[in-house]
Amino acid sequence: MRMSKGLFPTLKEAPKEAKIVSHKLMIRAGLMRKLASGIYTYLPLGYRVIRKIENIIREEMNKTGAQEVLLSALSPQELWEESGRWEVYGPELMRIKDRHNRLFGLGPTHEEVITDLVRREVKSYKQLPLTLYQIQTKFRDEIRPRFGMMRAREFHMKDAYSFDKDEKDLGKNYKRMYEAYQNIFDRCGLRYKAVEADTGPIGGDISHEFMVLAKTGEDRIVYCRKCGYAANVNRAEYVKPGVKGQGSRVKEKGLKKVKTPGMKTVEEVTGFLKCKPKELVKTLIYKVDGIPVAILIRGDHGVNERRLEKLLKAKEISLADEKTIEKVTGAPLGYSGPVRLKIKIIADSDVAAMKNMISGANKKDYHLININIDRDFKADKVLDIRSVIPGDRCPKCKTKLTFSRGIEVGHVFKLGTKYSQALKATFSDEKGKERPLIMGCYGIGLDRIMAASIEQNHDGNGIIWPSSIAPYQVLILVVNNQDKKQVKLAEEVYKSLEKEEIEVLLDDRDLRAGAKFKDADLMGIPLRITIGNKTIKENRIEIKIRKTNKIHEINKKDLISKIRSLLEM
RNA sequence: CGGGGAGUGGCGCAGUUUGGUUUAGCGCGCAGCGUUCGGGACGCUGAGGUCGUGGGUUCGAAUCCCACCUCCCCGACCA
């Protein structure tokens, strides 16, 4: 491609709305432009990257034996009602009406549509296992789109769905996909971790997220450097470091009620009472299988709901609504406390070790100070239910856990029969018995791979693409466009690369050399061939590696082989 | 949705506090001519703006008032 003939709009300055590097660089390098909040247009350069990523994914998916389909983005309300998600998904599901006033959802994910397809076409265990995938545009009306393509309302996703006759086969499929995902992210040149994850609104039992390690990531993860254990903090297991026997020696002070008008949150209360969050106890009212239970957790800790669910052997837990809280505590949200509470109380073990704690008084605008366990209230159970904190150790090998931030680029789930049961997608097994299909689902965000790659691979001058997803492999820069010799040589080199099917960009724009150099660095093409006076004089071709800044000067006849070997590095 | 900030040529900004001295300005970019040409050159000339939108106040509004729209940031069932 000749740059003089195409659209390559680079910018010296990024628009002020862009806050993180990948977003800034994607706009500056002319990969995309914003259309509306969370909605973007891909320019030629950006779309080439997306297609590169798409092809890597396609190749790896096909290797697993999965087949590619294309499902409609638009799907009828009735289908979503069958699964219950027309309600459950909430405002994040974009809905539109057709001219007959019939409602449609714009697909944020496609479990319903694929399950509908398969329930019509698959009748027998002989047709299983079956895995279908698609690479398609998705829509999610994000509560707050941000960071450019990182959290957009319209984005691109590969979603795969597996159908099996039993759990064992699902396990095999899950493993196959997990490995395919590793291949994909390896090939894209990302540094990532696969972590144990929560299943969220998609549902299912087991799931792993693939997290690209980056400071700007929205998720927090922990991992063990020694044994490789890794999990999202919201569900990470841990072993507490040895507890120092202090606390027991602290003298118990007298219980006191204090007025805290309008102070509800930990921040407000600690600010008002001039104390630290760790002296406070949060009394969270949960519904455990429908029954209200009070969970006591230290002010600076969070609840690991996954753990709680497991330890209580509960099917479903969730925070109670405000009405339930008022009924149970006799006070509005923000003033709950354990003293004289009539429901079951479960305390985190860190709370059990506290003395003279502060909590709500179960009365509006009042808190209690110097609360002590056993004296002022009794906990029905003491459990380790807080979420992981720095200092905690690996549940498998007891090494201290490392904290990091991650960008979720992929997620694999074992769904089980959640959707097949709701949509009555069944098959006949070997004995002729009708059973629901066992499902798995597997997603990858293409745009996020692109953004995450930039987060991990850039410098002060711009993007540094790994050659696997670079929009072009080589950029030829003509230093002086007026110099006929230079132009002629550049054309010659350009044509020889094109002939070899090396993806090449020729910067033949009528700009000064400096501007072209800046743009070349910004766009991050892995190899740059500079053709200037020096080239002509010395009769040697100069190749610069974007990543290392290393310059190779070679004879013209070795050009192609040198480029090939440099690209394979 | 709650809180904060911002909308002035394509991009980045000044001007708004105290309405008139601005014919609305600057840098970059864009067009033409000339000189230049290995890391965002220089000179001259020029094009491009309903100052987010709609009302209002006033002799006079980018500037004051009201309403709305858009964009960005922080937070969101953690009491």
Side-chain angles (χ1 to χ4, degrees), chain A residues 9-20 23-24 27-28 30 33-39 90-91 141 143-148 151 218 234 260 262-270 277 280-287 294-305 308 318-326 328-329 331-338 348 358-362 364 367 385-387 460-462 477-483 486-487 507 509-522 528-538 542 544 549 551:
Chain A
T10 55
L11 258 30
K12 263 188 176 175
E13 288 168 292
K16 63 178 175 200
E17 74 223 25
K19 303 288 163 180
I20 63 170
H23 188 194
K24 282 183 188 167
I27 289 175
R28 284 229 291 137
R33 290 289 182 263
K34 186 174 77 180
L35 218 208
S37 177
I39 302 175
D141 200 353
I143 196 162
R144 181 152 85 90
R146 66 182 119 178
F147 301 147
R151 189 165 287 282
E218 292 189 90
N234 60 24
T260 50
M263 304 294 151
K264 296 179 182 179
T265 63
V266 170
E267 209 174 53
E268 285 164 0
V269 174
T270 52
L280 216 83
V281 168
K282 295 188 283 199
T283 307
L284 311 179
I285 310 298
Y286 269 86
K287 276 200 165 168
I295 305 295
L296 304 187
I297 200 94
R298 220 168 78 179
D300 56 335
H301 290 167
V303 175
N304 183 332
E305 294 187 354
L308 183 64
S318 63
L319 282 160
D321 55 85
E322 290 195 36
K323 258 194 216 147
T324 311
I325 294 167
E326 289 217 37
V328 167
T329 67
L333 187 140
Y335 302 98
S336 310
D348 177 58
I358 301 164
S359 194
N362 296 327
K364 190 176 187 297
H367 277 73
I385 46 173
R386 66 156 167 79
S387 49
N461 294 320
L477 193 152
V478 189
V479 170
N480 185 348
N481 236 17
Q482 313 305 315
D483 186 325
Q486 290 181 24
V487 173
D507 193 349
R509 295 174 301 172
D510 222 348
L511 293 175
R512 289 174 58 89
K516 293 195 200 181
F517 284 126
K518 290 287 180 194
D519 274 353
D521 288 346
L522 222 204
R528 186 187 82 198
I529 295 175
T530 311
I531 292 182
N533 254 331
K534 209 170 93 188
T535 325
I536 306 282
K537 235 191 299 176
E538 296 172 12
E542 173 189 314
K544 184 176 176 185
N549 282 328
I551 292 174

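Note: hydrogens, waters and symmetry copies are ignored here, and every other heavy atom, side chains too, is used.
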Exercise. In sequence, state the C-alpha distance, the side-chain angles, and the governing distance for A:K364 and A:Y335, and then conclude on side chain to side chain contact (heavy atoms under 4.5 Å, CB included).
Key: CA-CA 6 Å; A:K364 190 176 187 297; A:Y335 302 98; 4.3 Å; yes
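A donor-acceptor contact shorter than 3.5 Å is absent between the side chain of A:D483 and the backbone of A:G532. For the pair A:Q486 (side chain) and A:N480 (backbone), a donor-acceptor distance under 3.5 Å is present.
Across every strand in view, B:C28 sits in a pair with B:G10 that passes the Watson-Crick or G-U test at under 3.5 angstrom. Base pairing of B:C33 is made with B:G43, judged by Watson-Crick or G-U wobble geometry with both donor-acceptor distances under 3.5 Å. Across the strands present, B:G2 finds its partner in B:C74; the criterion is a Watson-Crick or G-U wobble pair with both atom distances under 3.5 angstrom. With a cut-off of 3.5 Å on both pairing distances, the Watson-Crick or G-U wobble partner of B:A67 is B:U53. Nucleotide B:C59 forms a Watson-Crick or G-U wobble pair with B:G20, both donor-acceptor distances falling under 3.5 Å.
Among the protein residues, A:I143 comes within range of the nucleic acid bases, having at least one heavy atom under 4.0 Å from a base atom. Nucleic acid contact for A:A14: sugar-phosphate only, since backbone atoms but no base atoms lie under 4.0 Å from a heavy atom of the residue. In this structure, A:T10 reaches neither bases nor backbone, as no heavy-atom distance under 4.0 Å exists between it and the strands shown. Nucleic acid contact for A:R33: none, since no nucleic acid atom lies under 4.0 Å from a heavy atom of the residue. Using a 4.0 Å heavy-atom distance criterion, A:V269 is classed as making no nucleic acid contact. Using a 4.0 Å heavy-atom criterion, one finds that A:E13 contacts the bases of the nucleic acid, with or without backbone contacts as well. Within the 4.0 angstrom heavy-atom criterion, base atoms lie near A:K534.
Between the side chain of A:D521 and the base of B:G39, at least one donor-acceptor pair of N or O atoms lies under 3.5 Å. Within 3.5 Å, a donor on the side chain of A:K282 pairs with an acceptor on the base of B:C78, or the reverse. Contact of A:K544 with B:G39 (side chain to base): a donor-acceptor pair of N or O atoms is detected under 3.5 Å. Side-chain to base pairing of A:R528 with B:G39: one donor and one acceptor N or O lie within less than 3.5 Å of each other. Evaluation of atom-type donor-acceptor distances gives no pair under 3.5 Å for the side chain of A:T265 against the base of B:G75.
Of the two residues contacting RNA chain B, namely A:I531 and A:H367, the nearest-nucleotide position lying further toward the 5' end is that of A:I531. If you find the closest nucleotide of RNA chain B to A:K34 and to A:I536, the one lying nearer the 5' end belongs to A:I536.
Taking atom P in both B:G9 and B:U63, the straight-line distance is 15 Å, to the nearest Å. Nucleotides B:G40 and B:G2 are separated by 44 Å at their C1' atoms, to the nearest Å. Between the P atoms of B:G5 and B:A14, the separation comes to 16 Å (whole Å). Remark: the separation of the C1' atoms in B:U53 and B:U8 is 15 Å, to the nearest Å. A distance of about 16 Å separates the P atoms of B:G19 and B:U58, rounded to the whole Å. A distance of about 11 Å separates the C1' atoms of B:G49 and B:A62, rounded to the whole Å. Annotation: B:U23 and B:C51 have their P atoms spaced 16 Å apart (nearest Å). The P atoms of B:C30 and B:G75 are separated by 39 Å, rounded to the nearest whole Å.
Closest to the side chain of A:A36, from the set B:G75, B:G38, B:C71, is B:C71. Comparing B:C13, B:A41, B:C78 by their closest approach to the side chain of A:R512 singles out B:A41. The A:R144 side chain lies nearest to B:C74 when the options are B:C74, B:C37, B:C71.
Atom NZ of residue A:K282 and atom OG of residue A:S336 lie 12.5 Å apart, to the nearest 0.5 angstrom. Atom CZ of A:R528 is separated from atom CD1 of A:I551 by 7.0 Å, given to the nearest 0.5 angstrom.
Considering only side-chain N and O atoms, A:S318 lies nowhere under 4.0 angstrom from the phosphate OP1 or OP2 of B:C77.
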